[in-house]
Amino acid sequence: MVLGFFSVAIMELLVFLACFELVTKYKCWTEIKKGNVAVAMATGGKIFGICNVLRFCIQAKSSVYEAMTWSIVGFILLLIAYFLFEFLTPVFSIDREIEADNRAVGLISMIISVSLSFVIGASII
């Protein structure tokens, strides 16, 4: 059972990160390789957020399939939060600021991902 949850969690983390990579206007791993700290913070927040939602799903559900289903719901909510964050800041583009290594925006992005993962996870239990 442990290996099943672990395997599914790693697979989902990779798939969910690939989905985030598709919706951002920058290439996360290319920017991180260049030393872009804002992208590293935002991506780290997404990784933490996804894994935290997965933790809540594994903790609350009885089967791997059920945990997987709820983690997909949790990821969709994190993705919606990402789009809302971009939409609700019309003064500047979040993605452009993060790509330009604006660490303040990267930090806020990270904190939003981490914070909302706790809210999403608590609602799954």
Side-chain angles (χ1 to χ4, degrees):
M1 189 68 112
V2 172
L3 189 57
F5 280 121
F6 179 76
S7 300
V8 167
I10 295 298
M11 179 205 59
E12 285 188 323
L13 177 62
L14 293 173
V15 169
F16 295 161
L17 280 175
C19 291
F20 269 124
E21 183 85 18
L22 291 173
V23 299
T24 56
K25 293 179 175 77
Y26 52 86
K27 299 297 176 202
C28 296
W29 303 109
T30 303
E31 290 296 320
I32 290 170
K33 187 176 179 181
K34 288 193 239 175
N36 189 324
V37 176
V39 171
M41 286 190 292
T43 303
K46 291 170 188 166
I47 291 169
F48 185 95
I50 291 166
C51 289
N52 196 38
V53 168
L54 289 168
R55 179 193 74 83
F56 277 103
C57 292
I58 291 168
Q59 187 177 14
K61 306 307 170 195
S62 58
S63 71
V64 173
Y65 177 75
E66 192 176 359
M68 191 169 118
T69 303
W70 280 103
S71 65
I72 291 168
V73 171
F75 169 72
I76 290 168
L77 292 173
L78 279 174
L79 197 58
I80 290 169
Y82 166 79
F83 286 121
L84 283 174
F85 180 42
E86 182 75 48
F87 177 73
L88 294 175
T89 52
V91 178
F92 56 85
S93 168
I94 299 298
D95 277 350
R96 281 194 215 116
E97 291 298 318
I98 290 174
E99 185 177 18
D101 202 15
N102 183 333
R103 294 172 188 181
V105 176
L107 178 65
I108 292 295
S109 178
M110 179 181 73
I111 290 171
I112 287 172
S113 294
V114 170
S115 301
L116 287 179
S117 74
F118 281 100
V119 174
I120 292 166
S123 65
I124 289 172
I125 290 183

**Prompt:** Any donor-acceptor pair under 3.5 Å linking the side chain of Thr24 with the backbone of Tyr26?
**Reply:**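 Flag set: sc Thr24 to bb Tyr26 pair under 3.5 Å.
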
**Message:** Between Glu97 (side chain only) and Phe92 (backbone N and O only), is there a donor and an acceptor less than 3.5 Å apart?
**Reply:**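 It does not hold such a pair.
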
State, to 0.1 Å, how close [X] and [Y] come at their nearest heavy-atom pair, and which atoms those are.
X      : Y     : value
Ala42  : Ile98 : CB-CD1, 4.0 Å
Leu116 : Ala81 : CD1-CB, 3.3 Å
Phe5   : Ser63 : CE2-O, 3.7 Å
Leu54  : Ser71 : CD2-CB, 3.3 Å

Evaluate the side-chain proximity of [Y] to [X]: yes if any heavy-atom separation is below 4.5 Å, no if none is.
X      : Y      : answer
Phe75  : Val15  : no
Phe118 : Phe56  : yes
Arg96  : Asn102 : no
Ile108 : Phe85  : yes
Ile124 : Val73  : no
Lys46  : Phe16  : no
Ile50  : Phe20  : yes

**Request:** Sequence neighbours left out, what passes salt bridge (Lys or Arg N to Asp or Glu O under 4.0 Å) with Lys34? Give chain and number order.
**Result:**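 Partners of Lys34 under the salt bridge (Lys or Arg N to Asp or Glu O under 4.0 Å) test: Glu31.
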
**Request:** With sequence neighbours left out, write down each residue that passes salt bridge (Lys or Arg N to Asp or Glu O under 4.0 Å) with Arg103, or none if nothing qualifies.
**Result:**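 For Arg103, the residues satisfying salt bridge (Lys or Arg N to Asp or Glu O under 4.0 Å) (neighbours in sequence not counted) are Asp101.
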
**Asked** Quick one: side chain to side chain donor-acceptor pair (under 3.5 Å) pairs with a partner in residues 72-86, sequence neighbours left out?
**Response**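 Only Tyr82-Asp95, Glu86-Ser93 qualify under side chain to side chain donor-acceptor pair (under 3.5 Å).
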
**Pairs flagged by side chain to side chain donor-acceptor pair (under 3.5 Å) wherever residues 106-125 is involved - sequence neighbours left out** =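 Passing the test, one end in residues 106-125: Asn52-Ser117.
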
**Message:** Same cluster or not: Ile80 versus Val23, using hydrophobic residues (I, L, V, M, F, W, Y) connected whenever any side-chain heavy atoms lie under 4.5 Å apart?
**Reply:**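 Hydrophobic grouping puts Ile80 with Val23.
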
**Request:** Establish whether Val53 and Ile10 are linked, either directly or via other cluster members, by ILVMFWY side-chain heavy-atom contacts under 4.5 Å.
**Result:**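 Cluster IDs for Val53 and Ile10 differ.
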
**Asked** Can you name the residues that form a side-chain hydrogen bond (donor to acceptor under 3.5 Å, both in side chains) with Gln59, not counting sequence neighbours?
**Response**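 Residues passing side-chain hydrogen bond (donor to acceptor under 3.5 Å, both in side chains) with Gln59: Arg55.
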
**Prompt:** What pairs with Thr43 under side-chain hydrogen bond (donor to acceptor under 3.5 Å, both in side chains), at least two apart in sequence or on another chain?
**Reply:**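 Applying side-chain hydrogen bond (donor to acceptor under 3.5 Å, both in side chains) to Thr43 gives none.
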
**Prompt:** Quick check: are there more than 12 heavy atoms from other residues, nucleotides or ligands sitting under 6.0 Å from CZ of Phe83?
**Reply:**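 Result for CZ/Phe83: enclosed.
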
